[in-house]
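Encoded as structure tokens, the structure appears first; notes follow it.
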There are 2 protein chains.
Amino acid sequence: MPDPALKTVSGTYPSMAEVSIKEVARMAGVSIATVSRCVNNPEKVTEKTRLRVQKAILETGYSPNTLAQSFRRGRTNLVMVVLPSIGDPFFTDVMRGIRTAAKAKGYSVVIEETQFNTMTADEIGAMLVSKQTDGIILLASMSPFGTEILSAKSRRRLPIVIGCETISPELSEFPSVHIDNVAAAKEATNYLISQGHRRIAMICGQASSLLTKDREYGYRAAMNQSRLAIEEGWVVEGELSLDGAIRATRKLLNHQHRPTAIFCANDEMAIACLHAVKSAGLRIPDDISVIGFDDIRYAEVADPPLTTIGQPAEEIGERVMYRLCREIEDGLDGETAPEIVPHKLIVRQSVARPAG
Amino acid sequence: MPDPALKTVSGTYPSMAEVSIKEVARMAGVSIATVSRCVNNPEKVTEKTRLRVQKAILETGYSPNTLAQSFRRGRTNLVMVVLPSIGDPFFTDVMRGIRTAAKAKGYSVVIEETQFNTMTADEIGAMLVSKQTDGIILLASMSPFGTEILSAKSRRRLPIVIGCETISPELSEFPSVHIDNVAAAKEATNYLISQGHRRIAMICGQASSLLTKDREYGYRAAMNQSRLAIEEGWVVEGELSLDGAIRATRKLLNHQHRPTAIFCANDEMAIACLHAVKSAGLRIPDDISVIGFDDIRYAEVADPPLTTIGQPAEEIGERVMYRLCREIEDGLDGETAPEIVPHKLIVRQSVARPAG
DNA sequence: TTTATCGTTGTAAACGTTTACAATTCTACC
DNA sequence: GGTAGAATTGTAAACGTTTACAACGATAAA
């Protein structure tokens with residue numbers, strides 16, 4: 001919605017933020033303080049003067065210089081989100097939620113991609129001070145995450161909220177919102193087991209990724225509970241990319257005890273996995289069952305449509321952002337219990353009972 | 001790369017941008033002007049004082065307050081990119097290029113999604129003045145784009161560069177970088193024709209989208225040149241989304257003269273199209289051939305792998321951003337000849353000779 | 001009428017930086 | 001040694017806003 005104050009009576013954009021508060025004050029015959037109050041605290045000003053000032057604002061096409069505002073208020077209204085890859089549709093959806101909430105609260109968002117490199121404390125620190133953002137959302141995987149910068153000391157300095165990934169102990173002092181990754185991975189694995197699978201493999205991300213660590217943990221727990229063996233070479237790192245997953249899948253297919261089902265740590269890898277399996281001349285789900293994680297929108301149009309764990313990506317994004325706003329605006333309130341959002345098993349057609 | 005100046009000798013982050021230039025000046029026994037010069041124009045200062053100041057900077061952990069800098073210099077080092085949907089992997093790749101270039105030049109990027117709504121001039125205008133960005137990259141479709149805001153007048157005010165889409169006449173005064181969409185679409189269509197197809201349909205985006213307008217134009221031109229008829233109902237709008245493309249495909253499959261080949265205006269729609277065709281019990285490419293556009297990374301793992309037109313998405317992003325930097329830094333140089341980057345037909349397996 | 005109170009407005013300082021200009025020091029040449 | 005000129009540094013203003021505080025005027029209570 002365009003601010004009507006941006007338009008002159010003639011409907012053109014006259015001077016593009018070049019007119020300052022002084023000009024308005026002069027035209028309205030008041031002091032600049034009064035103009036400022038009219039804009040920010042209208043209730044502190046007489047009806048009469050307010051109207052005069054508003055008229056002047058309209059006529060000059062004044063809009064406050066946000067640079068000056070940021071400077072004066074010490075706030076940029078800018079938040080930074082750090083994530084592994086903007087290319088993953090899952091994160092794209094999370095970003096949509098973040099942006100929705102940010103817009104509602106008057107923030108802009110800048111994105112910083114780690115490209116799966118783990119970030120060092122120094123890098124984060126440099127980003128903090130140089131970007132001068134009001135807060136940070138971490139969606140990134142950074143297990144060997146320098147703790148100095150994230151110590152209580154720096155925490156008091158800059159609002160940080162963690163999204164999507166479960167929290168390693170040293171990060172647990174930060175607020176977070178995510179699903180229960182362990183439980184979800186167990187559910188996925190148990191679903192395969194319930195379909196009769198016994199030889200179940202997993203493709204996960206780099207060792208450094210906290211996110212898939214938890215999913216791997218859930219997988220192992222489920223296998224254990226059902227007293228199923230995990231053979232050497234059944235858990236393979238897929239680098240969280242299409243190519244990585246293809247390579248990982250080939251390894252599994254060549255394994256001397258070929259699994260009948262594969263649990264992929266995310267849907268992108270699962271889709272690549274489908275491709276690799278079919279390229280090898282095997283059928284899905286007849287020969288091999290595949291289950292993914294995230295329910296990105298391509299999962300539905302995959303061939304066959306992908307059975308997976310759904311996360312409320314957009315909701316996660318919104319909640320993370322609102323949580324961050326609380327940190328920024330109400331100060332750091334110390335209440336850091338993670339918000340757990342629900343996941344959901346979505347059954348499509350990439351899983352079936354094993355042959356034989 | 002972390003700025004070493006951010007660290008104290010003890011290796012901690014001492015005061016997080018709380019120490020101002022005054023502190024440094026005091027400690028080094030110079031004026032704040034000299035400190036400023038040390039940081040910005042080191043050559044204007046004696047070796048001796050420079051060392052003294054650098055030592056003080058190190059010891060205090062000083063880093064310039066970017067808010068104050070932005071305010072003073074009247075520059076935010078922030079650019080905005082407007083695009084239809086961050087969810088489309090193609091735009092994601094373009095964004096990656098943009099971000100690479102932006103980082104190299106010291107800019108941050110904020111993204112504004114139009115969600116396929118066409119933007120009004122008012123909305124853009126509001127964004128311009130409120131976001132206070134140094135420049136704008138338009139990747140968005142906005143055919144009925146208010147021309148007032150983009151008139152030469154406003155152009156002199158704010159650097160704007162257009163990426164990816166061919167330019168409608170009223171926007172042609174802006175610099176741009178993109179492939180030759182018309183030629184590329186012709187090439188795609190001609191490839192289908194060369195394979196023996198005669199009944200070729202097209203799924204494009206909304207009528208409002210300039211981007212697919214050009215591709216539609218290329219398709220029509222190719223069909224004309226080969227004297228092939230385009231039957232009523234063979235060109236259908238797909239809303240540039242998975243669902244939209246599925247609906248569009250169904251329409252084509254139910255057409256009384258069912259086409260033997262479908263040209264989709266982008267890969268996302270093509271992938272959904274593949275799915276819809278297969279769901280209807282038809283085989284690809286045996287019964288229906290499909291060709292896409294963009295070569296997103298899912299194209300390769302689609303089933304069957306998608307034949308498509310490749311665009312150098314990342315390169316486009318980089319070039320757009322560098323072009324914008326020139327606009328911002330060297331002033332608006334008036335040279336607005338579009339940069340045309342090469343496209344490439346990528347043959348995979350979703351196209352074959354028609355049966356019969 | 002005087003005084004206290006409250007509501008409204010104006011004055012002026014402050015935020016941290018950059019930079020034109022003035023002042024000072026240095027260099028080199030006479 | 002003196003001087004012109006260059007090189008370096010310091011002084012102070014400026015950017016546009018917000019806000020503490022002072023000043024003022026009006027209203028109400030005495």
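Each chain gets a letter, A, B and so on, in the order its sequence line appears, and its residues count up from 1.
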- Query: Do A:Thr49 and A:Cys38 touch side chain to side chain, with heavy atoms closer than 4.5 Å?
  - Reply: no

- Item | Side chain B:Ser176, main chain B:Glu339, donor-acceptor under 3.5 Å | no

- Task: Send over the distance from A:Lys48 NZ to C:dG7 C1', rounded to a whole Å.
- Result: 14 Å

- Message: Less than 4.5 Å apart, side chain to side chain, heavy atoms only: is that true for A:Asn77 and A:Gln69?
- Response: no

- Taking atom P of D:dT8 as reference, at what distance in whole Å does atom CG of B:Leu51 sit? 14 Å

- Message: For a quick test of reading the model, state the closest non-hydrogen atom pair linking B:Leu67 to A:Arg75 and the distance between them.
- Response: CD2-N, 3.9 Å

- State whether the side chain of A:Thr46 and the backbone N or O of A:Lys48 hold a donor-acceptor pair below 3.5 Å, judged by distance alone. no

- Task: Nearest whole angstrom, please: distance from the P of C:dT8 to the CZ of A:Arg50.
- Result: 10 Å

- Item | Derivation of the salt bridge (charged side-chain N to carboxylate O under 4.0 Å, His left out) call for B:Glu318 and B:Lys105 | CA-CA 11 Å; B:Glu318 286 195 44; B:Lys105 301 287 266 175; over 6 Å; no

N/O contacts under 3.5 Å, protein versus nucleotides 15-20 of chain D?
from, atom 1, to, atom 2, distance (Å)
D:dT17, OP1, A:Tyr62, OH, 2.8
D:dT17, OP1, A:Asn65, N, 3.1
D:dT17, OP2, A:Ile21, N, 2.6
D:dT18, OP1, A:Asn40, ND2, 3.0
D:dT18, OP1, A:Gln69, NE2, 3.1
D:dT18, OP1, A:Arg73, NH1, 3.2
D:dT18, OP2, A:Ser36, OG, 2.6
D:dT18, OP2, A:Asn40, ND2, 3.1
D:dT18, O2, A:Arg72, NH1, 2.4

- Task: Remember a base hit wins even if backbone is also touched, and classify A:Ser70 as base, sugar-phosphate or nothing at under 4.0 Å, heavy atoms.
- Result: nothing

- Message: Does C:dT8 have its OP1 or OP2 closer than 4.0 Å to a side-chain nitrogen or oxygen of A:Thr49?
- Response: no

